[in-house]
Amino acid sequence: MTAQLQYGTTAKIFHWLIVLLLLIQFPIGWLMPDVHGGKPGDAMTFHVSFGLTILAVIALRLVWRLIQPVAPESSLPPWQRLSSEAVHGLLYALVLATTISGWLFASFRGWSLSFFYIAPLPMLASQSASAVKTIDGWHQAAEWALLVVIALHVAAAFVHVFIYRDRIIQRMLPG
Ligand code: HEM
Ligand code: HEM
């Protein structure tokens, strides 16, 4: 399949939709009360519902990326082409890791939760107190790794805007 030179509208909508959803999801994760042994509340329902929305959107986005490949900007030096592609791959992988570890987390807790109060949430595994501890660590590691790689990605975008003063940022902007 021949790669396109530019991101299309669909790829741009997917990109900024994920940014928006993560801007909602991280604060909910940090601010929601610790559940400990009790019952999960509304904040947890919203956290898992937004989380599963993110999982669905990133899966669709990845499929779109695979059927509509976009070539790296040809004016970039090879090390930047390679490193940006590696960072993009890592971003997809870490969003998947964060959402799937979160879903396993809620499953091992044995909670019954709904998707935005519309329908019961299917669980991936049955309750397991020993697995909860492990998966808690994984969810936290995935969240933080995702945050660090996002910071790197955004910093690189700003370096292109303010230091190289090239048009890389335009590739992901409308028009
Ligand atoms: C990219 C998506 C996600 C992000 C950025 C995210 C972020 C966070 C953050 C910041 C926390 C608080 C720190 C911690 O205890 O680890 C957290 C906790 C948690 N998240 Fe997520 N999360 C995501 C997806 C999900 C999904 C899809 C689920 C479940 C379906 C989920 C379930 C949980 C659970 C059960 C907790 C722990 C609550 C507790 O025991 O106190 N997360 N998440
Ligand atoms: C202010 C925030 C952000 C800015 C300014 C930004 C900017 C950009 C730009 C300019 C590109 C195109 C790079 C190129 O042409 O090589 C891009 C691609 C990409 N961005 Fe962001 N980004 C931001 C936030 C995020 C976040 C939070 C994620 C989290 C998943 C993300 C994931 C990606 C991915 C995966 C690609 C590659 C797209 C693909 O090839 O499918 N970005 N971003």
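Ligands are counted one by one from 1 in listed order, and the atoms in each one are counted from 1 as well. Computation of the quantities below employed the complete heavy-atom set of this structure, encompassing side-chain atoms and omitting hydrogens, waters and symmetry-equivalent molecules.
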> What about R109: any of its N or O atoms under 3.5 Å from an N or O on ligand 1?
Replying inline: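 Yes, since at least one N or O of R109 sits under 3.5 Å from an N or O of ligand 1.
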
>> If I apply the N/O under 3.5 Å rule, does W103 come out as touching ligand 1?
In response: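 It does not: no N or O of W103 is found under 3.5 Å from an N or O of ligand 1.
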
>> Nearest N/O/S atom of H47 with respect to atom 21 (Fe) of ligand 1, by atom name, please.
In response: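 Distance check against atom 21 (Fe) of ligand 1 picks out NE2 in H47.
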
>> Whether the side chain of R81 engages the backbone of L76 through a donor-acceptor N/O pair (distance < 3.5 Å, no angle test) should be reported.
In response: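 Yes; at least one donor-acceptor contact below 3.5 Å.
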
> Taking heavy atoms and a distance under 4.0 Å, where does W111 meet ligand 1: side chain, backbone, both or neither?
Replying inline: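 It is the side chain that gets close, since no backbone atom is under 4.0 Å.
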
> Side chain, backbone, both or neither: which part of T99 comes within less than 4.0 Å of ligand 1 when only heavy atoms are counted?
Replying inline: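 The answer is both.
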
>> Suppose we screen for ring-ring contact (aromatic ring centres under 6.0 Å, His included). Which residues come up paired with H88, at least two apart in sequence or across chains?
In response: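 Testing H88 for ring-ring contact (aromatic ring centres under 6.0 Å, His included), a comparison that skips the adjacent residues, returns H153.
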
> Using the ring of each side chain (for Trp, its six-membered ring), is W30 parallel, tilted or perpendicular to W144, with breaks at 30° and 60°?
Replying inline: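 Geometry flag for W144 against W30: tilted rings.
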
>> In terms of relative ring orientation, are H160 and Y164 parallel, tilted or perpendicular, with 30° and 60° separating the classes?
In response: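 Plane angle between 30° and 60°, so tilted.
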
Contacting atoms of ligand 1, where contact means under 4.0 angstrom from a heavy atom of [X]:
X: Q140; result: 14 (C), 15 (O), 16 (O)
X: V35; result: 41 (O)
X: D34; result: 41 (O)

Under a 4.5 Å cut-off applied to non-hydrogen side-chain atoms, are [X] and [Y] in contact?
X: I58; Y: L62; answer: no
X: W111; Y: Q127; answer: no
X: R109; Y: V35; answer: yes

Side chains of residues 12-23: which donor-acceptor partners sit under 3.5 Å, not counting sequence neighbours?
| unit_1 | atom_1 | unit_2 | atom_2 | d |
| --- | --- | --- | --- | --- |
| K12 | NZ | L173 | O | 2.8 |
| K12 | NZ | G175 | O | 3.0 |
| W16 | NE1 | M172 | O | 2.8 |

>> Under a 3.5 Å threshold, yes or no: a donor from one side chain and an acceptor from the other, between Y92 and R61?
In response: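 Distance-only check passes for Y92 and R61.
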
> L124: what forms a side chain to side chain contact (heavy atoms under 4.5 Å, CB included) with it, not counting sequence neighbours?
Replying inline: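 Side chain to side chain contact (heavy atoms under 4.5 Å, CB included) list for L124, sorted by chain: W103, L104, S107.
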
One line per pair, note the atom names and distance for all nitrogen or oxygen contacts under 3.5 Å between ligand 2 and the protein.
| unit_1 | atom_1 | unit_2 | atom_2 | d |
| --- | --- | --- | --- | --- |
| ligand 2 | 15 (O) | R171 | NE | 2.3 |
| ligand 2 | 15 (O) | R171 | NH2 | 3.3 |
| ligand 2 | 20 (N) | H15 | NE2 | 2.8 |
| ligand 2 | 20 (N) | H153 | NE2 | 2.8 |
| ligand 2 | 22 (N) | H15 | NE2 | 2.9 |
| ligand 2 | 22 (N) | H153 | NE2 | 2.9 |
| ligand 2 | 40 (O) | Y7 | OH | 3.1 |
| ligand 2 | 40 (O) | R65 | NE | 2.6 |
| ligand 2 | 40 (O) | R65 | NH2 | 3.3 |
| ligand 2 | 41 (O) | R65 | NE | 2.9 |
| ligand 2 | 41 (O) | Y92 | OH | 2.5 |
| ligand 2 | 42 (N) | H15 | NE2 | 2.8 |
| ligand 2 | 42 (N) | H153 | NE2 | 2.9 |
| ligand 2 | 43 (N) | H15 | NE2 | 2.9 |
| ligand 2 | 43 (N) | H153 | NE2 | 2.8 |

